[in-house]
Amino acid sequence: MCANVLGVLKSLFGKPFDGGKRMDHGGPQDQQQHPMEQQQPYHMQHPAMMRLYEVQKEVATLGPQVCTFSGLQNDRDYKRMERELTQLLLQVDQVDTEGKLELQGARKRAAQEVEGLLRYLEENASHPSRLAIEELSNAARQLVDERVVAPQRAGAVAEINDELVDALQELILRLTQIKTEGRVPLRKARYRALTRLCAVQEVLEGRTPQQTLSLPLSGDTHEAVNRINQVMVKVSMARSQLLALLMGLSGRDSCAHLSRILTELQVELDALDVSGNAAIRNYRKQVVEEINGLLKHLDLEGEGDDTRRYDLAQNNSIREIEAVRAHVSHLREGVLRHCVMGDLSFRPKAELQSLLTHLDQVDTAKNPCIREARRRAVVEVQAVITFLDLREALVCRQPGPDEHPSHRAVWMVLGSLSDLQAQVLGFDGKRVDKSYMILEELLTKQLLALDAVDPQGDESTKMARKQAVKFAQNILNYLDMKTDEWEY
């Protein structure tokens, strides 16, 4: 919608803005027209058209702001844009068209564009996905406040452990699953929330092992040690301030202010004379590295303004992943086509393994959305490989006369699962489709069939049934992944 709004702005009022060419009334064809049709277009000099053109310029200024706004309805910028657009709508409504059809048409188009921007602004700020992003952000904010920021402000020791880091990781994973429907404001909001949560997680993970470090060097060792210890205290306070800033828990501090403080601490450390003492040099180096680790998270005030950051379709890593997925799709189609013909000679396993290696080398830049995209691509490759492996095992299988009946029953289920997996690999529908429901039901029946197999104490049957159950669950998970409409 937003691209359409911006594209229409230049031609908002139709022909009057195409150079103001007058109609030629000298021909006989013109003389036979209805009097209303012989009416000349109104040029820019007409007061009504001049006012509408002024509105157009203001809409052209507000349009990009509306189309990239990623906040909520209670945000200051939202209220400002809503107020300005409403005022423009009132101004358009007050334009005197003198009852002329052409002026009425121009005014109507102007009103429609302003109303369109108002709707777009409201829809994105109140969209269920935007509210879900805010809900998860609030949950993370409360978690960090209760476990880290509030205790440190009260002079207590913050409890930072693996449980806290894992809780944040769970919130990050839930954020990556939120659908944005390709809307720029929603993508931007999700990206900003993920960026801050990942930064908090990295700061916490970097600090956790430091709690087990030995105590700082004694001040008796060298006079510089006391200075470094004092800096360490300030760094600890700065870390707490950084977490508060990242999670929106600090109303007074700013990233720029904290950056200045940390930079000054670096200068203070650089000026210390450590007199060639290796232990003190290492101690200072450790503190400097920690300061650098905090500084790299302080450029988040402008984070998300560059669309290449949150529109991952432009990301080089995503492009690599998509190229691999396209290759996998081509190989998968070839495998299924040969299987239909009963030809099992087409086995591109080496090619598929090379694709897995390629995916493993893709740089995710610690972006959870890119990590998820890579994980899904890996699952797609592995699904084809396991299909080929099972087909080969079924063809090469030569059961002996002494094979346990329960073991034979497991292999029969595996044969059915192989046929169902071929259908799942070729499935390209949605969860509401009847074919999806049928596949899901058939796979569930195979799981029940495996559950009904009695190993009767046979260890090989127990192992085979366990592997078959895992295989069936993987097929169900793959079917679920193909149809969950996830997007990066």
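Basis for what follows: all heavy atoms, side chains included, without hydrogens, waters or symmetry-related copies. If you read the sequence from its start, that first residue is 1, and numbering goes on from there.
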Worksheet item: Does one side chain, of D77 or Q65, offer a donor that lies under 3.5 Å from an acceptor on the other?
Response: no
Practice prompt. Using the test side-chain hydrogen bond (donor to acceptor under 3.5 Å, both in side chains), find all partners of E123 that sit at least two apart in sequence or belong to another chain.
Written response: none
Worksheet entry | Listed partners of Q446 passing side-chain hydrogen bond (donor to acceptor under 3.5 Å, both in side chains), at least two apart | none
Practice prompt. Could you walk me through whether N124 and Y78 pass side-chain hydrogen bond (donor to acceptor under 3.5 Å, both in side chains), step by step?
Written response: CA-CA 11 Å; N124 288 309; Y78 178 92; over 6 Å; no
Discussion item. Going by salt bridge (charged side-chain N to carboxylate O under 4.0 Å, His left out), name the residues that satisfy it together with R371, two or more places apart in sequence or in a different chain.
Written reply: none
Worksheet entry | Sole candidate of L88, V114, L85 that passes side-chain contact (heavy atoms from CB on, under 4.5 Å) when paired with E58 | L88
Item to complete: To the nearest 0.5 Å, tell me how far S259 OG sits from L295 CG.
Response: 5.0 Å
Fill in: D433: partners by salt bridge (charged side-chain N to carboxylate O under 4.0 Å, His left out), with sequence neighbours left out
none
Worksheet item: Less than 4.5 Å apart, any side-chain heavy atom of Y283 and any of N229?
Response: yes
Worksheet item: Do I475 and L420 come within less than 4.5 Å of each other through their side chains, counting heavy atoms only?
Response: no
Anything under 3.5 Å between a donor and an acceptor, one on a side chain of residues 378-393, the other on a protein residue two or more places apart or in another chain? List them.
from	atom 1	to	atom 2	distance (Å)
E380	OE2	R325	NE	2.8
E380	OE2	R325	NH2	3.2
T386	OG1	Q382	O	3.1
T386	OG1	A383	O	2.9
T386	OG1	Q421	NE2	3.3
D389	OD1	K349	NZ	2.6
R391	NE	S418	OG	2.9
R391	NH2	D419	OD1	3.3
E392	OE1	R347	NH2	2.7

Discussion item. So, using salt bridge (charged side-chain N to carboxylate O under 4.0 Å, His left out) as the criterion, who are the partners of K234 when residues are at least two apart?
Written reply: none
Fill in: With E459 via salt bridge (charged side-chain N to carboxylate O under 4.0 Å, His left out) - residues at least two apart
K462
Fill in: Non-neighbouring partners of N138 that pass side-chain hydrogen bond (donor to acceptor under 3.5 Å, both in side chains), sequence neighbours left out
R141
Discussion item. As a quick check of understanding, evaluate side chain to side chain contact (heavy atoms under 4.5 Å, CB included) for E351 and H327, giving each step before the final call.
Written reply: CA-CA 10 Å; E351 201 169 350; H327 195 168; 2.7 Å; yes
Practice prompt. Ignoring hydrogens and angles, tell me if any N or O in the side chain of R465 forms a donor-acceptor pair with the backbone of V453 under 3.5 Å.
Written response: yes
Fill in: Over 12 non-hydrogen atoms of neighbours within 6.0 angstrom of CE in M481
yes
Worksheet item: side-chain hydrogen bond (donor to acceptor under 3.5 Å, both in side chains) with T263: which residues, sequence neighbours excluded?
Response: none
Discussion item. We want to know whether H358 and E320 form a side-chain donor-acceptor pair, criterion being a heavy-atom distance below 3.5 angstrom.
Written reply: yes
Worksheet item: Do T483 and R431 pass the side-chain hydrogen bond (donor to acceptor under 3.5 Å, both in side chains) test, and can you show the C-alpha distance, the side-chain angles, and the key distance before you say yes or no?
Response: CA-CA 6 Å; T483 55; R431 292 183 183 179; 3.1 Å; yes
Response to the item:
The reported gap from CG in D484 to CG in L479 (rounded to nearest 0.5 angstrom) is 10.5 Å
Worksheet item: What do the steps show when you test L272 against E268 for side chain to side chain contact (heavy atoms under 4.5 Å, CB included), and what is the final call?
Response: CA-CA 7 Å; L272 288 178; E268 184 178 345; 5.6 Å; no
Practice prompt. Would you please test R376 and Y478 for side chain to side chain contact (heavy atoms under 4.5 Å, CB included) and show each step?
Written response: CA-CA 9 Å; R376 286 168 170 265; Y478 178 65; over 6 Å; no
Item to complete: Please lay out, stage by stage, how R319 and E322 fare under the test salt bridge (Lys or Arg N to Asp or Glu O under 4.0 Å).
Response: CA-CA 5 Å; R319 288 174 176 172; E322 288 301 318; over 6 Å; no
Worksheet item: Do E54 and K57 meet the salt-bridge criterion of a basic N to acidic O distance under 4.0 Å?
Response: yes
Discussion item. Using the ring pair (Phe, Tyr, Trp, His ring centres under 6.0 Å) criterion, which residues pair with F346? Sequence neighbours excluded.
Written reply: H338
Discussion item. Tell me every residue that passes side-chain contact (heavy atoms from CB on, under 4.5 Å) with K285, counting only those two or more places apart in sequence or in another chain.
Written reply: E289
Discussion item. Set out, in order, the CA-CA distance, both residues' side-chain angles and the distance that settles side chain to side chain contact (heavy atoms under 4.5 Å, CB included) for E82 and E122, then state yes or no.
Written reply: CA-CA 9 Å; E82 183 184 41; E122 181 181 0; over 6 Å; no
Discussion item. So does L425 get a backbone contact from the side chain of K482, meaning a donor-acceptor N/O pair under 3.5 Å?
Written reply: yes
Discussion item. Quick test of your reading of the model: are R80 and E84 salt-bridged, counting only N-O distances below 4.0 Å?
Written reply: yes
Worksheet item: salt bridge (charged side-chain N to carboxylate O under 4.0 Å, His left out): which pairs involve residues 128-140, sequence neighbours left out?
Response: R130-E134
Worksheet, complete the sentence: Correct closest heavy-atom pair for A468 and V410 would be CB-CG1, 4.1 Å
Worksheet item: Where do I370 and S317 come nearest, in terms of heavy atoms and distance?
Response: CG2-CB, 4.0 Å
Worksheet entry | Under 3.5 Å donor-acceptor, R284 side chain and I228 backbone | no
Worksheet entry | Side-chain donor or acceptor of N477 paired with backbone N/O of Q473 under 3.5 Å | yes
